[in-house]
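Heads up: the structure comes next, in structure tokens.
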Amino acid sequence: RVLMAAILGGALSLSGFLLQTFFSNPIAGPFVLGISSGAKMMVALAMIFFLERYAFVSSYTLIVAAFIGALISTGFILLLSRKMKHMATLLVGGIMIGYICSAITDFVVTFAEDSDIVNLHGWSQGSFSGMNWSNVQVAVIVIGVTTVLTFFLSKPILTFLLSKPIGAYQLGEAYAQSMGVNIRFFRVALILLSSILSASVTAFAGPISFVGIAVPYLVKHALRTSKPLVVIPGTFVGGAVFCMICDLIARMAFAPMELNISTVTSIFGAPVVIFMMVRGQKGR
């Protein structure tokens with residue numbers, strides 16, 4: 001459980017960092033943009049379908065389902081981004097997409113079998129409980145490979161650090177293009193990597209709020225740098241530590257009763273997001 005909290009916490013933070021780079025906004029994150037809700041919707045559908053017919057569903061199946069759901073939500077957000085140029089409006093659109101996905105999930109759960117609802121209830125609230133070594137193995141493989149790809153992406157001739165294009169992209173698309181970055185390929189890579197990371201977290205632990213926004217912000221300010229080569233590993237480690245501490249609080253604050261992990265992450269993460277918004281408003 002501790003290992004999964006660390007691995008998934010790091011993955012969720014890194015996913016948030018990639019989305020913030022993509023949208024050039026520190027408030028962008030998998031939970032706020034509705035990406036986690038899309039992943040949650042597809043995982044719920046997959047769990048109900050496979051449990052009714054086979055009484056078993058593999059970790060890889062859940063990750064694939066979550067990835068598809070994350071891509072569906074991201075696709076709608078990208079369509080909105082063409083019509084909504086203002087980032088605040090786009091974020092509201094993302095929140096609405098999240099509500100729609102959550103409504104579909106609740107509708108499906110309402111008509112599910114009682115045994116399936118028991119399996120879905122704890123997961124849908126967000127929790128690191130019920131983890132096993134098989135989950136750890138799958139998470140290490142999927143998230144480990146994705147994290148490495150965040151540093152290294154292979155081209156037919158040249159292997160390059162993704163952190164370098166990220167650094168150039170943070171200074172603007174025009175500058176990144178002048179530095180030889182393939183913008184279209186780079187943006188697709190950011191979305192795919194971010195979706196895999198957030199989908200893996202949702203598949204195993206359910207939707208977890210505010211980690212993907214608060215941790216990258218805190219890490220960048222703690223390290224006093226925006227260099228991706230430093231921020232990427234720092235964000236992963238910061239997310240791991242943050243989620244381990246939150247999980248410890250969730251288990252021990254009102255033991256033997258256990259809190260949902262999102263309850264604790266919201267308590268610590270939401271004030272950070274509010275501070276970010278207030279500070280950004282003052283900076284204008």
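Please read all numbers here as calculations on a predicted model, not as lab measurements.
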### Side chain proximity check, Leu71 to Leu192, heavy atoms < 4.5 angstrom
yes
### Message
Leu62 vs Met47, test: side-chain contact (heavy atoms from CB on, under 4.5 Å). Steps then yes/no.
### Response
CA-CA 8 Å; Leu62 294 181; Met47 286 179 71; 3.6 Å; yes
### Query
Do Leu259 and Phe254 have side chains that get closer than 4.5 Å, going by heavy atoms?
yes
### Message
Is the ring pair Tyr217/Phe275 parallel, tilted or perpendicular, if the boundaries are 30 and 60 degrees?
### Response
perpendicular
### Query
Which atom pair, heavy atoms only, marks the closest approach of Pro26 to Met276?
O-CE, 3.2 Å
### Side-chain heavy atoms of Glu258 within contact of Ser129, under 4.5 Å
yes
### Message
With a 4.5 Å cut-off on side-chain heavy-atom distances among I, L, V, M, F, W and Y, is there a chain of contacts connecting Phe31 to Leu80?
### Response
no
Could you list the donor-acceptor pairs under 3.5 angstrom formed by side chains in residues 228-238, with sequence neighbours left out?
residue	atom	partner	partner atom	Å
Thr235	OG1	Val231	O	2.7

#### Entry: Which atom of Cys243 lies closest to which atom of Gly9, heavy atoms considered
SG-CA, 3.4 Å
### Query
Measuring from Ser15:OG to Gln20:CD, what's the distance to the nearest 0.5 Å?
9.5 Å
### Task
For residues Lys40 and Pro207, report the shortest heavy-atom separation together with the two atoms involved.
CD-CG, 3.8 Å
### Query
What residue among Leu78, Ile72, Thr74 forms side chain to side chain contact (heavy atoms under 4.5 Å, CB included) with Phe76?
Ile72
#### Entry: Flag if over 12 foreign heavy atoms under 6.0 Å of OH, Tyr60
yes
### Task
Give a yes or no on whether Leu33 and Tyr99 share a hydrophobic cluster (residues Ile, Leu, Val, Met, Phe, Trp, Tyr; joining criterion: side-chain heavy atoms under 4.5 Å apart).
yes
## Note on the structure
Interatomic distance, CD1@Ile261 vs CZ@Arg251, rounded to 0.5 Å, equals 9.5 Å
### Message
Side-chain heavy atoms nearer than 4.5 Å, only ILVMFWY residues, links allowed to pass through others: does that put Met257 and Met252 together?
### Response
no
### Message
With rounding to the nearest 0.5 angstrom, report the CG to CG distance, Asp247 to Leu8.
### Response
10.5 Å
### Query
So, do Thr265 and Phe242 sit near enough that their side-chain heavy atoms are less than 4.5 Å apart?
yes
### Message
Is any side-chain heavy atom of Val138 closer than 4.5 Å to one of Phe204?
### Response
yes
#### Entry: Any Ile213 side-chain heavy atom under 4.5 Å of Val272 side chain
no
### Query
Considering only heavy atoms from C-beta outward, does the side chain of Val211 approach that of Val201 to under 4.5 Å?
no
### Task
Please step through side-chain contact (heavy atoms from CB on, under 4.5 Å) for the pair Thr263 and Asn260, ending with a clear verdict.
CA-CA 5 Å; Thr263 302; Asn260 297 320; 3.7 Å; yes
### Task
Give the intermediate values and the outcome of side-chain contact (heavy atoms from CB on, under 4.5 Å) for residues Ser194 and Phe22.
CA-CA 10 Å; Ser194 175; Phe22 183 90; over 6 Å; no
### Query
Between Ile245 and Phe268, is a side-chain contact (heavy atoms from CB on, under 4.5 Å) present by the stated rule, with each step listed?
CA-CA 11 Å; Ile245 293 172; Phe268 292 106; over 6 Å; no
### Message
Same cluster or not: Leu248 versus Leu12, using hydrophobic residues (I, L, V, M, F, W, Y) connected whenever any side-chain heavy atoms lie under 4.5 Å apart?
### Response
no
### Heavy-atom pair with the smallest gap, counting every atom of Ser13 and Gly239
OG-CA, 2.9 Å
### Query
For Met96, does the CE atom sit with more than 12 other heavy atoms under 6.0 Å from it, leaving out its own atoms?
yes
### Query
Distance from Ile208 atom CD1 to Ser36 atom OG, nearest 0.5 Å?
8.5 Å
### Taking every non-hydrogen atom, the tightest pair across Ile63 and Ser200
CG2-OG, 4.1 Å
#### Entry: Reported CG-to-CG distance for the pair Asn135 and Leu3, which is rounded to 0.5 angstrom
11.5 Å
#### Entry: Closest non-hydrogen atom pair, Ser73 against Gly38
OG-CA, 3.1 Å
#### Entry: Met4 CE to Ile143 CD1 distance, which is reported to the nearest 0.5 Å
6.5 Å
### Message
With a 4.5 Å cut-off on side-chain heavy atoms, are Phe128 and Val2 touching?
### Response
no
### Message
Please tell me whether Ser266 and Ser209 have a donor and an acceptor in their side chains that are separated by less than 3.5 angstrom.
### Response
yes
